[in-house]
Trainee: 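Please see the structure below; I have some questions.
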Amino acid sequence: MRLSRYFLPTLKENPSEAQIVSHRLMLRAGMVRQHAAGIYNWLPLGTKVLQNIIAIVRDEQNAAGAQEIIMPTIQSGELWKESGRYDDYGPEMLRIKDRHDRDMLYGPTHEEVVTDIFRNNIKSYRDLPKNLYQIHWKFRDEVRPRFGVMRGREFLMKDAYSFDIDFARSKHAYNQMFVAYLRTFARMGLKAIPMKADSGPIGGDMSHEFIVLADTGESAVFCDKALLEKPAPQNVNYDDDLQHIVDSWTSIYAATDEKHDLSQEEKLGANLVKARGIEVGHIFHFGGKYAEPMGAKVTGPDGNPVTVMMGSYGIGVSRLVGAIIEASHDENGIIWPDEVAPFQIGIINLKVGDAACDAACGDLYAKLKAAKREVLYDDRDERAGVKFADMDLIGVPWQLVIGPKGAAKGVVEVKRRGAAGKEELSADAALAKVMA
RNA sequence: CGGGGCGUAGCUCAGCCUGGUAGAGCGCUAGCUUUGGGAGCUAGAUGUCGCGAGUUCGAAUCCCGCCGCCCCGACCA
């Protein structure tokens with residue numbers, strides 16, 4: 001992409017409404033613009049990041065055996081009356097009447113809809129297990145939206161729902177998602193720590209939150225330092241028993257503020273990590289909570305109907321954009337982990353109009369595009385400082401800088417965002433380095 | 001939902017207290033000079049001063065109502 005043609009409205013100053021760093025940087029980097037309280041427009045740069053995150057989430061969900069579907073954003077209130085939540089959910093649920101005066105709502109979550117799909121279409125235990133997920137927009141009419149996309153009213157969520165014939169198999173489905181989540185967040189450059197959680201209004205008896213440590217996190221968290229160094233599981237066969245992997249994580253101490261056990265502080269001593277955290281995922285096993293009232297049953301091996309056991313598994317996809325920035329930035333702007341970066345490589349032409357610079361940059365740009373790399377070529381007629389500042393602000397991981405001096409010598413400066421210094425290399429060596 | 005704050009140019013903000021018909025910096029347009037970390041000079045364009053009612057000869061400014069947004073707390077992916 002040529003920056004001269006790209007819609008990238010960067011800001012030099014901090015918009016007054018933004019208080020936390022991720023919100024400020026998302027506005028300054030031209031990723032989002034606010035439409036109303038807790039509701040955002042995603043501009044091209046933000047959309048690319050969101051899509052990269054979606055791709056990772058989807059990849060890991062599919063690998064874990066979940067199947068993608070799309071459910072409606074606007075739901076019928078009838079189903080919620082069946083589950084008993086229509087009255088319970090309260091004013092956070094945006095309620096709408098259609099032209100026939102029927103009760104509709106903008107979905108804050110989809111347990112009811114997915115359970116309805118299940119009961120209408122799956123009749124035998126032989127069709128189990130099933131795990132259905134979607135990546136879709138939700139609306140919760142929060143009392144106080146804040147922190148940009150971290151606590152919006154409208155937000156993009158990955159929500160998965162598992163269906164199993166008994167507790168042991170349902171636990172396995174839970175474990176699959178547990179492991180998939182560890183891998184998903186690790187691929188985004190995040191250290192997300194599973195912590196035992198209250199299951200809240202969704203209900204259930206087994207629940208973990210996945211929490212990213214960041215200074216601006218909303219809640220205080222405590223954990224054993226060992227968790228920070230523990231690598232995400234590799235080469236997972238999701239059909240195997242995963243209990244030992246889950247146990248290896250849950251046996252190490254980690255707790256949110258409300259579940260924190262003070263006696264652990266002494267026990268851990270110097271290994272105690274006190275930090276703040278952002279919840280980016282939450283998994284629940286809730287057995288028959290929805291299946292029971294909604295009659296989600298299959299015929300069991302003995303010919304008798306069995307109510308299925310369910311779990312639900314959420315990832316705050318749009319929140320992750322903010323969480324990654326909170327965890328990875330400096331005074332100049334965002335530092336994107338490679339796999340979520342909107343562009344892997346930036347080219348800075350320091351003197352547009354100079355034949356040697358234009359030629360050298362054009363050549364790099366053509367080669368990187370031919371190699372199918374996401375590359376942003378700053379071909380604007382701007383001063384060097386503006387280009388450096390913008391490229392750092394939007395956090396492009398690899399930056400190739402060409403000015404008149406370098407062009408004359410036939411060298412390219414290679415800079416890694418977040419690292420100090422630059423390296424002068426031949427064009428070919430530079431290409432090899434950034435494409436490695 | 002309790003408490004607090006703020007709405008003036010695209011952005012950051014001054015002006016309001018003490019009423020006289022709107023400003024600065026950045027950004028934008030044009031030109032010249034510059035050119036390796038957010039340049040300089042010159043000339044321009046840009047505002048229903050959040051909305052509505054009121055007081056007044058006159059309201060960005062004072063009064064009343066409304067709306068929007070932000071922050072702190074209680075709740076949440």
Side-chain angles (χ1 to χ4, degrees), chain A residues 9-20 23-24 27-28 30 33-39 53 57 89-93 107-110 134-160 181 185 192 197-202 207-212 218-219 256 258 277-284 312-323 331-333 348-354 357 378 380-393 399 401-408 413 415 422 424:
Chain A
T10 58
L11 303 172
K12 203 182 333 189
E13 291 175 281
N14 285 321
S16 57
E17 78 262 24
Q19 296 299 317
I20 67 163
H23 190 195
R24 284 203 297 259
L27 290 167
R28 287 192 52 210
R33 288 293 182 265
Q34 181 165 311
H35 171 85
I39 303 177
I53 291 172
V57 170
Y89 213 93
E92 277 195 17
M93 186 155 78
T109 180
H110 282 70
Q134 65 172 350
I135 298 171
H136 217 194
W137 294 93
K138 303 260 188 284
F139 192 91
R140 294 183 190 171
D141 201 356
E142 294 272 349
V143 198
R144 179 149 104 86
R146 65 188 125 161
F147 304 148
V149 300
M150 300 266 283
R151 178 175 300 293
R153 291 193 291 171
E154 187 182 54
F155 58 97
L156 189 63
M157 184 177 179
K158 186 285 297 182
D159 46 321
Y181 275 32
F185 298 127
D198 277 325
S199 47
I202 297 195
S207 174
H208 287 90
E209 290 178 5
F210 287 75
I211 303 226
V212 171
E218 287 193 72
S219 49
T256 56
E258 62 266 23
I278 302 165
E279 181 184 351
V280 291
H282 201 157
I283 60 178
F284 304 87
S312 78
Y313 314 92
I315 290 179
V317 176
S318 48
R319 170 180 286 184
L320 272 168
V321 179
E331 65 281 3
N332 293 323
I348 296 180
N349 184 342
L350 287 180
K351 192 161 187 180
V352 171
D354 176 277
C357 288
D378 192 345
R380 296 174 301 171
D381 186 14
E382 289 285 352
R383 297 174 64 84
V386 173
K387 297 189 178 196
F388 289 131
D390 274 343
M391 203 60 89
D392 284 348
L393 175 62
Q399 299 173 17
V401 181
I402 294 182
K405 295 174 216 159
E413 285 166 46
K415 186 183 140 188
K422 295 174 187 171
E424 283 199 350

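Hydrogens, waters and symmetry mates are skipped; everything else that's a heavy atom, side chains included, is used. Each chain gets a letter, A, B and so on, in the order its sequence line appears, and its residues count up from 1.
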Trainee: Consider the side chain of A:K12, meaning its heavy atoms from C-beta on, and name the nucleotide among B:C70, B:A77, B:G38 that approaches it most closely.
Mentor: B:G38

Trainee: Select one nucleotide: of B:A39, B:A77, B:C69, the one nearest the side-chain heavy atoms of A:E142.
Mentor: B:A77

Trainee: Answer with base, sugar-phosphate or nothing: what part of the nucleic acid does A:V317 contact at a heavy-atom distance below 4.0 Å?
Mentor: nothing

Trainee: Give a yes/no answer on whether the side chain of A:Q34 brings an N or O atom under 4.0 Å of OP1 or OP2 in B:C70.
Mentor: yes

Trainee: According to ring-ring contact (aromatic ring centres under 6.0 Å, His included), who are the partners of A:Y313, at least two apart in sequence or on a separate chain?
Mentor: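 With sequence neighbours excluded, A:Y313 shows a ring-ring contact (aromatic ring centres under 6.0 Å, His included) to no residue whatsoever.
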
Trainee: If you check every side-chain atom of A:R146, which of B:A77, B:C75, B:G36 has the closest atom?
Mentor: B:C75

Trainee: Is the ring pair A:F185/A:Y181 parallel, tilted or perpendicular, if the boundaries are 30 and 60 degrees?
Mentor: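 Perpendicular.
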
Trainee: What nucleotide among B:C1, B:G37, B:A77 has an atom nearest to a side-chain atom of A:V143?
Mentor: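 Selected nucleotide (nearest to the side chain): B:C1.
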
Trainee: When rounded to the nearest Å, what value does the distance between C1' atoms of B:C62 and B:U56 take?
Mentor: 10 Å

Trainee: Using a 4.0 Å heavy-atom cut-off across all strands, classify A:N332 as base, sugar-phosphate, or nothing.
Mentor: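 Nothing, no heavy atom under 4.0 Å.
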
Trainee: I'd like the C1' distance from B:C6 over to B:G15, given in whole Å.
Mentor: 16 Å

Trainee: Rounded to the nearest angstrom, tell me the gap between atom CD1 in A:I278 and atom P in B:A77.
Mentor: 14 Å

Trainee: Output the single nucleotide from B:G37, B:C69, B:G38 whose closest atom is nearest the side chain of A:A36.
Mentor: B:C69

Trainee: Please give the distance between the P atoms of B:C51 and B:U61 as a whole number of Å.
Mentor: 10 Å

Trainee: Which whole-number value in Å describes the distance from A:K351 NZ to B:U34 P?
Mentor: 10 Å

Trainee: Measuring from the side chain of A:E279 (C-beta onward, heavy atoms only), which nucleotide among B:G36, B:C75, B:A77 has the closest atom?
Mentor: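 For A:E279, the side-chain atoms sit closest to B:A77.
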
Trainee: Of the listed nucleotides (B:G37, B:U12, B:C72), which one gets closest to any side-chain atom of A:P15?
Mentor: B:U12

Trainee: Using only atom types and a distance under 3.5 Å, with no angle test, would you say the side chain of A:K158 pairs donor to acceptor with the backbone of A:V317?
Mentor: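 Not at all, since once roles are kept as given, no pair shorter than 3.5 Å links the two residues.
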
Trainee: Could you work out the separation of B:C1 and B:G38 based on their P atoms and round it to a whole Å?
Mentor: 49 Å

Trainee: Any N or O donor-acceptor pair linking the side chain of A:E382 to the base of B:G38 at under 3.5 Å?
Mentor: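 Not at all, since no donor on one side and acceptor on the other fall under 3.5 Å apart.
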
Trainee: Taking it one step at a time, do A:V401 and A:M391 satisfy side chain to side chain contact (heavy atoms under 4.5 Å, CB included)?
Mentor: CA-CA 11 Å; A:V401 181; A:M391 203 60 89; over 6 Å; no

Trainee: Ignoring backbone atoms, establish whether A:S16 has a side-chain N or O less than 4.0 Å from OP1 or OP2 of B:C70.
Mentor: no

Trainee: So what does A:G403 touch, heavy atoms closer than 4.0 Å: a base, only the sugar-phosphate, or nothing?
Mentor: base

Trainee: For B:C72, take OP1 and OP2 only and decide whether either is under 4.0 Å from a side-chain N or O of A:R144.
Mentor: yes

Trainee: Report which part of the nucleic acid A:E13 touches: base, sugar-phosphate, or nothing (heavy-atom distance under 4.0 Å, all strands).
Mentor: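 Base contact.
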
Trainee: Which one, B:C69, B:G38, B:U35, comes nearest to the side chain of A:R383?
Mentor: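 That would be B:U35.
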
